[in-house]
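No hydrogens, no waters, no symmetry mates; every other heavy atom, side chains included, goes into these values.
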2 protein chains.
Amino acid sequence: MPPNNRSNPLALAVLSCLYERPMHPYEVAQTLRHRAKHESIKLNYGSLYNVVEGLEKRGFIRVTETVREGRRPERTIYEVTETGSREFIDWLSALITTPVKEYLQFEAALSLLPALPPGEAAALLRERINELEHRLNFSKLTMDNMRKAGLPRLFGVENEYVEALMQAELDYVRNLVKEIEGGTLEGLEMWQHWFEGDTDKRPPPPTPEL
Amino acid sequence: MPPNNRSNPLALAVLSCLYERPMHPYEVAQTLRHRAKHESIKLNYGSLYNVVEGLEKRGFIRVTETVREGRRPERTIYEVTETGSREFIDWLSALITTPVKEYLQFEAALSLLPALPPGEAAALLRERINELEHRLNFSKLTMDNMRKAGLPRLFGVENEYVEALMQAELDYVRNLVKEIEGGTLEGLEMWQHWFEGDTDKRPPPPTPEL
DNA sequence: TGACAATTACTCCAGTCCGAGTATTCTATG
DNA sequence: CATAGAATACTCGGACTGGAGTAATTGTCA
């Protein structure tokens, strides 16, 4: 099994660069950095060279030439193949049409929330609200600057998307805090009782299902 | 460096189970499954046993006993330690207060969207809208059933959260399609021109920045 | 001009993750 | 009652990730 079966989006990003013109891996990295793609796609050197190797093994890219300038380390230049181009378009299309389940850390945390006493939980959630507000503001300022620098919105859609998600999270958390503190969250009483007698600070065993 | 420095949320889930009572790893897995936590926290056996080993090495859990029933494979039962309990609460609290940057596949895809011709992109996004609508509906039905089965909302907050994100994504994508098809997306003309002359289907080099 | 930092272009490898595989026991069905 | 399938309880190896390390070159500022 050649490595890299559409698991790491970095491979997609590499294809996207080579789809424009042949490059050596380090130049791919620079390009992605300059275009701020590394904020949407995790990029580090170990993975990069690994992914490139994988793409080569699967026939999606091939070596054009290896050159040496002065006594700099050798640079291996790659180009995309015919099948590589098709893979790029197919993969990108698939990512757009079909949502994939992502395991978010906050989702995990929420699923374990009842392990904390309700008051504590509300306090922590308030902190998150603060953080989210700051980050959203910062993100919006950054976007404004990009626009002012002449970059059309088209090239910022991924940021707009992330902002939309942040806003939704903010709304949800704000409401959750209100429901905990206002006592309107279904199951709250049970939750509170669990931490009343300090018999043993064990969290409630949420009833199984299915 | 002992493995597992708060990178894998599965370790948090393991702690949460042992925080209730001692168990063997397989029972941890069963418990998480029955409580549907595996929908919020990626769970597979390789990782599970790895993570347990890591937690033991770091002193967060310890072996209570190993028993053998009949000729079944041996079961190693673990319990959480004092420092383990503290780690659990600290880690969970940190996840709640501080958002972490997640690299979403769709975010990656959006950042490469200009590689596709605008009409194509809009069509693919429409497909996603359809998928999202179906999944949202399904999720809502599932939640309804859980509620009807007597599970209070408190134990479904992680699903409510995910639904909120899906709804936000749906709204964003709907609007994006409208802007592409209505011609109001800034940068659209450049995008269209790029694919007009079928000179060479190369995507536009998005202007670098910073 | 000399020295210190940043950049270029990788390599290396210790973790980590993942999923197929294994071997036994319970369970349901004709 | 026999047998297929699910459940129990893991093991193992290969793939993948991430980040420190390397070694030369170019910029930079006193």
[X] [atom1] to [N] [atom2], straight-line distance once rounded to whole Å:
X: B:Asn5; N: D:dG18; atom1: CG; atom2: P; result: 12 Å
X: B:Leu48; N: D:dT8; atom1: CG; atom2: C1'; result: 13 Å
X: B:Tyr49; N: D:dG13; atom1: OH; atom2: P; result: 17 Å
X: B:Tyr26; N: D:dA7; atom1: OH; atom2: P; result: 8 Å
X: A:Gln30; N: C:dT8; atom1: CD; atom2: C1'; result: 8 Å
X: B:Asn8; N: C:dC17; atom1: CG; atom2: P; result: 4 Å
X: B:Arg33; N: D:dC10; atom1: CZ; atom2: C1'; result: 13 Å
X: A:His38; N: D:dT17; atom1: NE2; atom2: C1'; result: 18 Å

Look for any protein N or O under 3.5 Å of an N or O in nucleotides 19-22 of chain D and output each such pair with its distance, or none.
{"from": "D:dG19", "atom 1": "O6", "to": "A:Gly46", "atom 2": "N", "distance (Å)": "3.2"}

According to the salt bridge (charged side-chain N to carboxylate O under 4.0 Å, His left out) rule, which pairs have a member within [range], sequence neighbours left out?
range: residues 42-52 of chain A; value: none
range: residues 89-103 of chain B; value: B:Lys101-B:Glu107
range: residues 77-87 of chain B; value: B:Arg6-B:Glu87, B:Arg62-B:Glu79

Residues passing the ring pair (Phe, Tyr, Trp, His ring centres under 6.0 Å) test with A:Tyr172, sequence neighbours excluded, are none
Go through the structure and list residues passing ring pair (Phe, Tyr, Trp, His ring centres under 6.0 Å) with B:Tyr45, not counting sequence neighbours. B:Tyr26
When you check the gap from the basic side-chain N to the acidic O, do B:Glu163 and B:Lys140 get nearer than 4.0 Å? no
A:Glu186 and B:Arg147 ion-paired at < 4.0 Å: yes
Looking at B:His24, does any N or O in its side chain come under 4.0 Å of the phosphate oxygens OP1/OP2 on D:dT8? no
Distance test, side-chain N/O of B:Lys42 to OP1/OP2 of C:dC17, below 4.0 Å: no
Report which part of the nucleic acid B:Glu27 touches: base, sugar-phosphate, or nothing (heavy-atom distance under 4.0 Å, all strands). nothing
